[in-house]
Every structure is written in structure tokens, then in C-alpha cells.
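Shown next, in C-alpha cells, is the structure this report addresses.
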Number of protein chains: 2
Amino acid sequence: MPDPPWQPPRVLLAVDLVILTLREARLHVLLVERGIDPFLGALALPGGFLCDEHEDIEAAARRELSEEAGLPDVHLEPLAVYGEPGRDPRGRVVSVAYLAIAPRLPEPVAGTDAAGACWTSVEHALAPGTKLAFDHRRILIDGVERARIQLEHTALATSFCAETFTISELQQVYEAVWGVRLDPRNFYRKVQGTRGFIVADGPMRKTPNGRPARLFRAGPVHVLNPPMTRP
Amino acid sequence: MPDPPWQPPRVLLAVDLVILTLREARLHVLLVERGIDPFLGALALPGGFLCDEHEDIEAAARRELSEEAGLPDVHLEPLAVYGEPGRDPRGRVVSVAYLAIAPRLPEPVAGTDAAGACWTSVEHALAPGTKLAFDHRRILIDGVERARIQLEHTALATSFCAETFTISELQQVYEAVWGVRLDPRNFYRKVQGTRGFIVADGPMRKTPNGRPARLFRAGPVHVLNPPMTRP
DNA sequence: CCAATAGTGTCTGTAAGACAATATGTT
DNA sequence: AACATATTGTCTTACAGACACTATTGG
């Protein structure tokens, strides 16, 4: 450690957001086209620097969530820190990544601040040909993996759904995020058996095609016991 | 977002270490007595600021690990970020916490840089009467919980043991970290059934008192399949 | 022999996965 | 009726936990 008059270095602090949703039964992530210098024109995760010295980090994440995606109250949780010295050509930038889960939304992302924000299927975003700015490919991979794990142990899946939903719709969430097919019969019993996960929403019904299904809403429990197990 | 001449704020970046080990069948954490101003004299986790603008964060964690605890090559993994605006009275300090796991060591922590480094039982460190500097109580709680989860899904437990160990010794790791008692017979079969977790180390033996036990060493597998389940 | 720990065998309940069968809507 | 989806029931298998039992050392 250097002598007393030594001052520790300061770094720029950024937040990056992995905002996931479901569209057409596939997992999508919100990407923006960069409008400024480093990686200008490339696709990137929404994010930005702290506004001022006193802004809370999670508050900054919520601010970006609102500014760049127009999403006010969605599930938000810390993902990881990315601070490799060379990750940003502008200098030493340490980024705190957050994972956000949004329910199904209308096609155009209304009220968007950053031009060119668009939902991209995760499959396409991670395809070999797609280039993402900075280390955002790594962050996206980590975010998707975190979502998969959270689906096992918490009631996060209901955050992908609307206020009320059928068990089939909930199953589609699991299938899309996990990337697997599940047996509807076993899924039905499993979800029903995890008390507190979902609660019936009156005897209401729906009609896509076939027998109408019962409607449910998110239950009071956040940690699932027993957990959902990936095949 | 402010106008072009605006410059984002800079923050101080620190690392904090939750270094866990086993002593007398109890989980212990390495704490140091602070020798400088904020919280002078209080107990704190080892840690410090980045050396210079270009130091990698994990490298800084390893440096502190070596400087403050004299531990060179132990298991190290990122834990979380703590950046609440008021957490450090000196200004805006964002800390990246790491979790380190060390095998059993000789009583005095040799080659220690910070004076007053000592192993403290986690039970005592988290007791209501014990005051820790900054938000280190929260960081320690998160670190212990992370260790508990990692013990379920990875072969982390072997990092608490010496090069070779008996199944009883491995069981003591689980009991100490999880804070529960396990059935030796079921634990024996369970561990043996998780292939790749531990491998026999020749027909060698040991003699504390009672029948000698077979010796094992860490296997090639890091993620346990099936996982160990907490009672 | 007795105490203590290591290691094996057996049983039972719970839960997951496969899949038949029934219910209730649409066309 | 034919079809599609929802919901229920049953069966098989795997595994966790309880616990009797055998094996091998030291005193």
C-alpha cells in the first residue's frame, strides 16, 4: 500500500440492463442501437452512467428502465459487476448489471428515449453473426442463465405473465426461458402442488380454441418450495 | 440526461473479502481490526481500494487476500456489489465483495499485513453485540448464505478440506456451514453416489479413535449432479 | 470385552415422469 | 361429429431419510 498522501483511483460507474420479456412464445431482450461514439451503431443493452455522485445504483437502473424502455414497475434484481480494465475504450468503467423481467407488451415500445430500442429474440441476439457492444454478449448470457435459475427457485415466472393467466401460459414461460418442452399434465399438477405459487382468480375463463381454462394470479409466495426442476 | 459537456461522476472502488474456513468444527471468518479513521478499532472484513486505475478487480481481491491474510491460492468467487450512497462516511465508495474459502490453517495467520487479523467464529461475528464496520455485517451474512448454497450445488466443500480427507471430515464441513446435523450413514452413501465429487486416494487410512477411514481427494467434477440437499 | 467410528443393508414415504382417460369448449 | 385443449387419475421408478446391523480399530 502506498504512502499516506496517496489517493485511491476513481472509476466511472455505469448500470446495464438485461430486460427480458416473452413475445410469440420466445424469449426476447430489449436492445438499443448506440447513438454515440464507442460502438456507434452497434446493438447494446440499455444502460448509462450514474447521474450524480449521490444517486443510488438501483435507482439509476430504474431510471434507465424508465428512460430507455418506458417500463415503470417491473421485477428488477442485481445480476453481477463487470469491471475488466479494457471493457470500455473511454477509460475505466465499472458496470453493475441488473436483470429486469417484463410481462408481454404492445409491439412498439412507447415513450422510448433512446432511438432504435427494439425487442430482439435472445436466440438472434446471441447468434454468432450478431455483434453486441462492449461485453454485453457476456452480460446477456449471464442474465439469461440467471433467469433460468430463478425460474426454478422463485415465482419469477409470474412476472412474465399478465395480471391473470392460465396454467398453459405459465407453462409457455418455462418452456421459452428454459428452451425445453414440458408435459402439460405433470406441469399442471406440479404448479398446483407448490402452495402459494399461484392462486385461483374466481371461476373466470378464456377461449383461444378448445376447452376454456381457469384463470390464476401470482400467489403470495416468492421462494418456491419445492422448487421447479429443470428436465 | 444532461448536455454534452456533462461529465459522469466518479466513485471510489473497493474490494471486500469474506474469507471462510473451518476451525474446531465451526465456521470462522477472517476479520481485521481497523487501524485508520472511519470505524477505527472496529472489526471489519479484509479489503481495500484499487491500487491504480488499471488493476483488475479480482486481481485486487487476490492481492488483499495475500497482503492481509497470507493466503495465495484459495477458491475465490464474486459475491455482490455494495454501493449504497451512505455506506462509507468518506464519500461515495462502491465495494465489490468476494467470497474466499480456505482449508484448515495453523492458528496464527502468518505473514499478515494488517495488524490484528484474526479468525472469528461466524456465530460470534454475527452476534447482536458484535459491531462490524460499514455494511460488513450484511456482506458477511450474504457470504455465508452464498457458501451454503454453493455447498449444495458444487464441490466447494472440498475447498474447506486438506488435500486428502475422510468422508467424516467432509460431513463436518457440511454440518458446520449449514449449521445442521446429518446422518453419517446417509451422508456416506449420498456422497459416494455423486460421481466425480470425491475419488479414493489409494487404500491409505487414518487413526483418530475407532475404525480407520478411507481417504479421498477432490474429484474432477465441480457442479454436483445430483446436488446435495439441505434438510 | 467395551467404546467409538466406518461402512452396508433395508424399508418407507415422497415426488417426478410417462401416459391413459375424462371434461368441455370450437368448428 | 371431429378436434383441441384442460384437468384428473394411475403407474413406475428414483431418491431422501430413518434406522438395524456388521466391521475394525483402540483401550
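By convention in this document, chain letters (A, B, ...) are assigned in the order of the sequence lines, proteins followed by strands, and residues within each chain are numbered from 1. Basis for what follows: all heavy atoms, side chains included, without hydrogens, waters or symmetry-related copies.
From A:Thr166, atom OG1 reaches atom CD1 of A:Ile198 across 9.5 Å, with rounding to the nearest 0.5 Å. A:Arg104 CZ to A:Phe160 CZ: the interatomic distance, rounded to the nearest 0.5 Å, is 13.0 Å. Atom CG in B:Leu27 sits 8.5 Å away from atom OG1 in B:Thr21 (nearest 0.5 Å). A:Leu182 CG to A:Glu175 CD: the interatomic distance, rounded to the nearest 0.5 Å, is 4.5 Å.
Against DNA chain C, the stretch residues 165-196 of chain A makes heavy-atom approaches under 4.0 Å through A:Asp183, A:Arg185, A:Asn186, A:Arg189, A:Lys190. Of the residues in residues 211-224 of chain A, those with a non-hydrogen atom less than 4.0 angstrom from any atom of DNA chain D are A:Arg211, A:Pro212, A:Ala213, A:Arg214.
Using a 4.0 Å cut-off between charged nitrogen and carboxylate oxygen, B:Arg138 and B:Glu145 do not count as a salt-bridge pair. A salt bridge links A:Glu67 with A:Arg63; the closest basic N to acidic carboxylate O contact falls under 4.0 Å. Using a 4.0 Å cut-off between a side-chain N of Lys or Arg and a carboxylate O of Asp or Glu, B:Asp142 and B:Arg146 do not qualify as a salt bridge.
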- I would like to know whether B:Phe39 and B:Phe134 meet ring-ring contact (aromatic ring centres under 6.0 Å, His included); could you show each step before the answer? CA-CA 8 Å; B:Phe39 297 94; B:Phe134 308 108; 4.9 Å; yes
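The nearest heavy atom of DNA chain D to B:Pro231 and to B:Gly210 marks one nucleotide each, and the one closer to the 5' end goes with B:Pro231.
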